Protein chains: 4
Amino acid sequence: MPRAVREQQMLDAAVATFGQRGYRAASMDEIAELAGVSKPLVYLYLNSKEELFTACIRREAAALVSAVQGGVTPGVPADRQLWNGLLAFFAHAAENPDGWAVLSNQARTHGEPFAAEVAAMREEIVTLVTLLIAAAAAEAGCTVSPGGSSSGTSEELADREVAGLAHALVGAAESLAGWANVTPGASAKDTAATLMNFAWAGLENLMSGKRWTPSSSSP
Amino acid sequence: MPRAVREQQMLDAAVATFGQRGYRAASMDEIAELAGVSKPLVYLYLNSKEELFTACIRREAAALVSAVQGGVTPGVPADRQLWNGLLAFFAHAAENPDGWAVLSNQARTHGEPFAAEVAAMREEIVTLVTLLIAAAAAEAGCTVSPGGSSSGTSEELADREVAGLAHALVGAAESLAGWANVTPGASAKDTAATLMNFAWAGLENLMSGKRWTPSSSSP
Amino acid sequence: MPRAVREQQMLDAAVATFGQRGYRAASMDEIAELAGVSKPLVYLYLNSKEELFTACIRREAAALVSAVQGGVTPGVPADRQLWNGLLAFFAHAAENPDGWAVLSNQARTHGEPFAAEVAAMREEIVTLVTLLIAAAAAEAGCTVSPGGSSSGTSEELADREVAGLAHALVGAAESLAGWANVTPGASAKDTAATLMNFAWAGLENLMSGKRWTPSSSSP
Amino acid sequence: MPRAVREQQMLDAAVATFGQRGYRAASMDEIAELAGVSKPLVYLYLNSKEELFTACIRREAAALVSAVQGGVTPGVPADRQLWNGLLAFFAHAAENPDGWAVLSNQARTHGEPFAAEVAAMREEIVTLVTLLIAAAAAEAGCTVSPGGSSSGTSEELADREVAGLAHALVGAAESLAGWANVTPGASAKDTAATLMNFAWAGLENLMSGKRWTPSSSSP
DNA sequence: CATGAATGAGAATTCATTCAT
DNA sequence: AATGAATGAATTCTCATTCAT
């Protein structure tokens, strides 16, 4: 059996085990057995538990990013791109629960070699979303100023605000994906719709300058 | 030294260690040393690693809920209550990063004794937020119908939508808290403002029936 | 509460715990709790686990020997004395199962400080039985020769044979006591009768020279 | 080194250690060192202290039963079979003192997983002896009635009496084996002869109806 | 290419024992 | 006379990792 195939089998087993047991609780014994190979072979191919875990993270991160990017097709309006991206994201997380668990739970929870990998992936997605939001703003005739804090002027949006929005959106998506994965009856489409509604409304309001500030409320 | 004091010292040390290392990677040796006591004493007072971890989760969850509830003072308008609650939440998470890590990362990542504890706390907060959102809607003259799916009628909001909003809001807040804890220059107030804007806009749009649906967009 | 009383309570608790759990598995914590006192007090009175166990053995051994000797009343025929002794022995073992377990199982199973204590008690009983057997033989008009091996002559019994008989009898009694303690429906009287029958027959045969030897059998 | 060989080495070491120190006091460290392997290997092959101990009991019980059965060759008169069986038993116990200690002391003294193992072996031997005694009775022209209590009639023996005899005989043999193992100058042959004499006499007396009863003695 | 055999290092947990009061 | 507080030293068990073949 060719090496590449064996390696994928090992990664499959590792993702499943890490996702369900957690990094520390997963044992190389269990992974090797699940992969149907002997432990030394795992070491021969992947060197150590740490490298094996890193390889898992990379593979799953790449798959997720690729799935999302597959949804975000240029040429259509920004809101549709966002919608398709969300849909692709929730569908992928639902179809690969172990991989999603590795990325969202395990990788973050264990020290530095791993957190950086996920942070990179996350940054990639945040960037994508930031661009989408900026594009949506542009389509709505709103300029994005590279300045610091929010000017509050209608038709103008600060960089920071767009970035904050993107972060909040990605954070909400991550949280909802975990929730949808453990909630029966939460389809990817419904989940995406909930978030899209939320996000789009926030975006429209920001663009039209209707911000909520502590002082805008009753005394 | 009296038992109660020692116990708090141990919990302090345990929260710090669990928060930084993770449940499995944290060793009782390290916790005991950090607490300035011998391991047997930790066992004498807290019985096992599992019970120790559970005690940490309970204490931190109670502290967090209490902080948030301290912000949500009845008698003021709902939007202010929400604002104050968010502020209290982000401030508490920022001031207790290890406790927050225990609740948001560790407790969820490890099997059933623990996940349930956090789920209970989360439910408590989601309920609080749901009530707040409903109150805000009422203040704005919008009725909340106990029916199933969204009717789309102006001035009417389905139960499910309020709950979805609350879930998304709490999820976004959790995610933003993690992000703020890791991002220099993100103050609790700024973070709360970003989210409040986002959430309030979503709420206003929902209340006024301006929902985004896949088909409402350009082809 | 006077010291002597407290000490007996501790020994009661210790005998029960050692008898049921075994020497190593019994913990000083459990013993102290069962005795209703604090651990340091146990140490104050009995110094160490080893000394505590020794004290248990001594007390139980003395009680057993005293019970047996209470049955063996001089002045009556030797067979009756033997019978009464057996009866007293089985009754005592049945009434004090934990004490009997300490003597028969635990004390023997754990190294040298303890085995010697029990061996001493056992020797005391074997001596008593030896004298009884010799008395019975004398009553039956049979001389006991202080010589070495069995002469085989009728009406004469070697020292060694009497000692062997006594040892076998005591061994059988010990074994039967353990058996009776775990066998429902085995009364002390029945058990004593079984053994008495066995022993008395052996004795009579020996005294009348009807020995079994390998060569006395068919070729 | 092949697994089977290593396993036997480990069992050898374990039997020696358990026999001398007792179940609780024997440490896996000591056993591993005596076996000349590392502790993890012992766990890899035998899983736990409990399973290791059970394996010891099984091996030693099988060896002992096999030794006794090797002595009891069919085709020769029952008394010779009994004699050869006793001889084989005492010889085996003398040659394997640790194994004998495991079976006779340790296994009985510690809770349920183990006691049952030994009880099974003991039952096997008691059955063998019961059959032998019945055969001996038959050869002597005595019928064994399946009835309840002793009829007392000459030439007739109740089931119960045969079973009681077998139990007492096995108990006496066990006790004598322990004694012989501890008494210098007590050869297997001498020990067997003492017991055989004892047993055979008891059997002959029972068969000829000469039972001792409390009331048959002088007042 | 693949594995059976083997281990050093460290994990959780328990226990007999001692002080200061 | 009595105890709450505290620990050093084991003990059972697990795991990532490496050779020799």
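The shown structure was predicted, so the numbers you read here are calculated from the model rather than taken from an experiment.
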### Message
Please compare B/S38 and A/R24 by the position of their nearest nucleotide in DNA chain F and report the one closer to 5'.
### Response
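Mapping each residue to its closest nucleotide by heavy atoms, the 5'-most match is B/S38.
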
Distance check needed: [N] [atom2] versus [X] [atom1], whole Å only.
| X | N | atom1 | atom2 | result |
| --- | --- | --- | --- | --- |
| A/K49 | E/dG10 | NZ | P | 15 Å |
| C/M28 | F/dA10 | CE | P | 18 Å |
| D/M10 | E/dA5 | CE | P | 11 Å |
| B/E50 | E/dT13 | CD | C1' | 14 Å |
| A/Q9 | E/dA2 | CD | P | 10 Å |
| C/E30 | E/dT14 | CD | C1' | 13 Å |
| A/E33 | E/dT3 | CD | P | 13 Å |

### Message
For A/P40 and B/D29, find the nucleotide of DNA chain E closest to each by heavy atoms; which residue's nucleotide sits nearer the 5' end?
### Response
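Its nucleotide being nearer the 5' end, the pick is A/P40.
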
### Closest-nucleotide 5' rank along DNA chain E - winner of C/Y43 and B/S27
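Its nearest nucleotide being more 5', the pick is B/S27.
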
### Task
Answer yes or no: is there an ion pair linking C/D98 with C/R21, defined by an N-O contact shorter than 4.0 Å?
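Answer for the salt bridge query: no.
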
### Task
Could you tell me whether A/E174 and A/R122 have a side-chain N and a carboxylate O separated by less than 4.0 Å?
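Salt bridge present between A/E174 and A/R122.
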
For [N], give its Watson-Crick or G-U wobble partner with both distances under 3.5 Å, or none.
| N | answer |
| --- | --- |
| E/dA6 | F/dT17 |
| F/dT12 | E/dA11 |
| F/dA1 | none |

### Query
What nucleotide among E/dT3, E/dT13, F/dT12 has an atom nearest to a side-chain atom of B/S48?
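Looking only at heavy atoms from C-beta outward on B/S48, the closest nucleotide is E/dT13.
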
### Query
Considering only side-chain heavy atoms of B/Y45, which listed nucleotide, F/dT12, F/dA5, F/dA16, is closest?
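Given the options F/dT12, F/dA5, F/dA16, the side chain of B/Y45 is closest to F/dA5.
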
When we call it a touch if two heavy atoms are under 4.0 Å apart, what does [X] touch: a base, just sugar-phosphate, or nothing?
| X | answer |
| --- | --- |
| B/R3 | sugar-phosphate |
| B/A26 | sugar-phosphate |
| A/R6 | sugar-phosphate |

### Cation-pi geometry met for C/R3 and C/Y45 (6.0 Å, 45°)
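Yes, a cation-pi geometry.
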
### Message
Check whether A/Y43 forms a cation-pi arrangement with A/K49 (NZ or CZ under 6.0 Å from the six-membered ring centre, at most 45° off the ring normal).
### Response
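Pair A/K49/A/Y43 does not count as cation-pi.
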
### Message
If you compare all heavy atoms of D/A107 against all heavy atoms of D/I57, which two are closest, and at what distance to 0.1 Å?
### Response
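Scanning both residues completely, I find the closest heavy atoms to be CB-CD1, 3.6 Å.
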
### Task
Would you state whether a donor and an acceptor, one from the side chain of B/K39 and one from the base of F/dT7, lie under 3.5 Å apart?
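Such a pair does not exist between side chain and base.
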
